[in-house]
Amino acid sequence: MAWLLLLVLACIWGTSFILMKKGLVVFSAMELGATRVSVAALLLLPFALRHVGRVERSRFKWLAVSGVVGTLIPAFLFAYAETKLASGLAGVLNALTVMFTLVVGALLFGQWLTGLRVLGIALGLAGTVVMLLLGGSGGTDTPTGEGNAWYGIYILIATIGYGISVNVIKYKLGGMTPMAVTAVLLLLIGGPALAYLLAGTDFLHKLSTVPGAWTAFGYIALLATMSTAVAMVLFNRLIQQSTALFASSSTYLIPIVALAWGALDGEAFNLWHLLGMAIILAGVLIIHRAK
């Protein structure tokens with residue numbers, strides 16, 4: 001079951017990067033991030049209301065931490081990164097989640113950090129440098145038609161947040177059902193996201209006046225439904241059934257799916273990108289095989 005969940009998650013999350021790219025054709029990164037979180041929270045609102053009264057008060061702070069650093073902030077960071085970074089490359093950089101899951105686990109939760117795992121982390125970061133500094137950003141393949149490889153830094157920051165969230169769910173929210181964790185987590189961050197979307201952006205104006213806005217919103221709604229609401233429930237279940245490190249290993253397959261969608265959309269992928277991806281995934285492999 002754990003391996004099946006891993007494969008399903010890889011397919012869902014690997015598709016999320018092309019969906020963000022399509023949504024950014026009309027909406028800004030801030031609008032996309034807020035819409036993604038808001039729609040996901042509304043979808044799971046009935047479940048949240050059913051579970052919220054059963055949650056121990058001491059756990060709300062950990063749900064809020066996981067929600068903010070593992071869902072809310074990354075939703076904006078990934079969207080902002082993809083304004084000037086090809087979707088396939090964003091999917092590859094997502095593999096850094098494994099590195100930071102391990103680093104956060106070692107720094108804050110007492111996990112053992114061996115020499116081989118340090119080597120794996122170093123390789124992952126080296127692969128990132130190769131991809132972005134030598135391979136570039138994807139140029140005209142981005143939604144804005146302009147590339148900037150430094151925007152990959154936003155994804156690096158987002159994966160640090162993912163690493164924190166994975167460890168918090170594993171070590172601080174054990175015993176809660178995956179649906180309860182996901183629904184209540186989204187309840188805590190969904191309200192602020194929705195308020196910002198409606199009062200602080202041009203989302204409603206664009207939706208009613210800009211050609212293609214409803215199509216772009218459809219991509220974002222699909223992103224919110226599958227990659228945020230459904231995938232988070234599956235991921236939280238996977239964390240509880242396995243280890244935090246195993247749960248983050250969907251990053252082996254996510255780059256392949258993301259690059260395939262990018263290729264179908266006409267994105268270029270050069271030899272430096274391929275080398276960078278190979279180095280990153282080699283680092284991930286070392287981390288998983290190191291004792």
Side-chain angles (χ1 to χ4, degrees), residues 9 13 30 33-80 94 96-113 154-200 224 227-248:
L9 281 168
W13 275 333
M30 299 300 286
T35 303
R36 178 179 182 177
V37 173
S38 300
V39 171
L42 290 172
L43 285 171
L44 295 186
L45 181 59
F47 300 98
L49 296 177
R50 188 171 70 185
H51 288 287
V52 68
R54 306 172 191 172
V55 178
E56 299 172 21
R57 292 184 63 183
S58 62
R59 295 196 169 194
F60 277 103
K61 64 181 179 182
W62 296 114
L63 286 164
V65 168
S66 180
V68 171
V69 304
T71 301
L72 184 64
I73 294 175
F76 292 105
L77 289 176
F78 266 95
Y80 194 57
N94 185 70
L96 294 172
T97 298
V98 174
M99 318 291 171
F100 292 115
T101 296
L102 183 60
V103 170
V104 172
L107 292 177
L108 301 180
F109 295 94
Q111 289 187 22
W112 186 248
L113 198 60
Y154 295 109
I155 295 180
L156 186 147
I157 296 170
T159 56
I160 294 174
Y162 285 159
I164 295 171
S165 179
V166 168
N167 282 285
V168 166
I169 291 170
K170 181 65 179 178
Y171 296 107
K172 297 297 183 180
L173 299 174
M176 292 182 64
T177 66
M179 179 58 77
V181 171
T182 306
V184 177
L185 178 157
L186 284 170
L187 177 67
L188 295 176
I189 63 174
L194 182 61
Y196 169 73
L197 179 67
L198 298 179
S227 299
T228 304
V230 173
M232 282 180 62
V233 174
L234 297 179
F235 186 64
N236 291 339
R237 181 176 178 182
L238 180 60
I239 292 173
Q240 293 178 354
Q241 287 187 348
S242 60
T243 66
L245 198 57
F246 178 85
S248 65

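- Applying the side chain to side chain contact (heavy atoms under 4.5 Å, CB included) rule to T35 yields the partners V39, L197, F203, F217, I220; only residues at least two apart in sequence or on another chain are considered.
- Side-chain contact between M232 and V181: absent, with no pair of heavy atoms (C-beta onward) separated by less than 4.5 Å.
- Residues F100 and I157 form no side-chain contact, since every pair of their non-hydrogen atoms from C-beta on lies 4.5 Å or further apart.
- Looking at W13, its side chain does come within 3.5 Å of a backbone N or O of S227 through a donor-acceptor pair.
- Separating the CZ atom in F60 from the CG atom in L185 is a distance of 11.5 Å, to the nearest 0.5 Å.
- Under the rule for a side chain to side chain donor-acceptor pair (under 3.5 Å), the partners of T228 that lie at least two apart in sequence or sit in another chain are R36.
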Solution key, residues 159-166 side-chain donor-acceptor pairs under 3.5 Å, sequence neighbours excluded:
from: T159; atom 1: OG1; to: I155; atom 2: O; distance (Å): 3.3
from: T159; atom 1: OG1; to: L156; atom 2: O; distance (Å): 2.7
from: S165; atom 1: OG; to: S66; atom 2: OG; distance (Å): 2.7

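- For R50, the side chain to side chain contact (heavy atoms under 4.5 Å, CB included) partners are F47, R54, not counting sequence neighbours.
- The side chain to side chain contact (heavy atoms under 4.5 Å, CB included) search around L42 returns none, not counting sequence neighbours.
- Closest approach of A40 and L186 over heavy atoms only: O-CD1, 3.9 Å.
- Sorted by first and then second residue, the pairs that involve residues 177-191 and meet side chain to side chain donor-acceptor pair (under 3.5 Å), not counting sequence neighbours, are T182-N236.
- Remark: F109 engages Y171 in a ring pair (Phe, Tyr, Trp, His ring centres under 6.0 Å) (not counting sequence neighbours).
- Atoms CE and OG1, from M99 and T101 in turn, are 10.0 Å apart once rounded to the nearest 0.5 Å.
- Using a 4.5 Å heavy-atom cutoff, the side chains of L63 and M176 are in contact.
- Nearest heavy-atom pair, S38 versus G190, reported as atom, atom and distance to 0.1 Å: OG-O, 4.3 Å.
- In this view, A48 and A183, L187 satisfy the side chain to side chain contact (heavy atoms under 4.5 Å, CB included) rule, not counting sequence neighbours.
- Counting all heavy atoms, side chain and backbone alike, V52 lies closest to L49 at CG1-O, 3.8 Å.
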Contacts table for residues 71-79: side-chain donor-acceptor under 3.5 angstrom, sequence neighbours left out:
none

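- Annotation: side chain of V98 is not in contact with side chain of L102 (no heavy-atom distance under 4.5 Å).
- In terms of the ring pair (Phe, Tyr, Trp, His ring centres under 6.0 Å) criterion, Y196 has no residue partners (sequence neighbours excluded).
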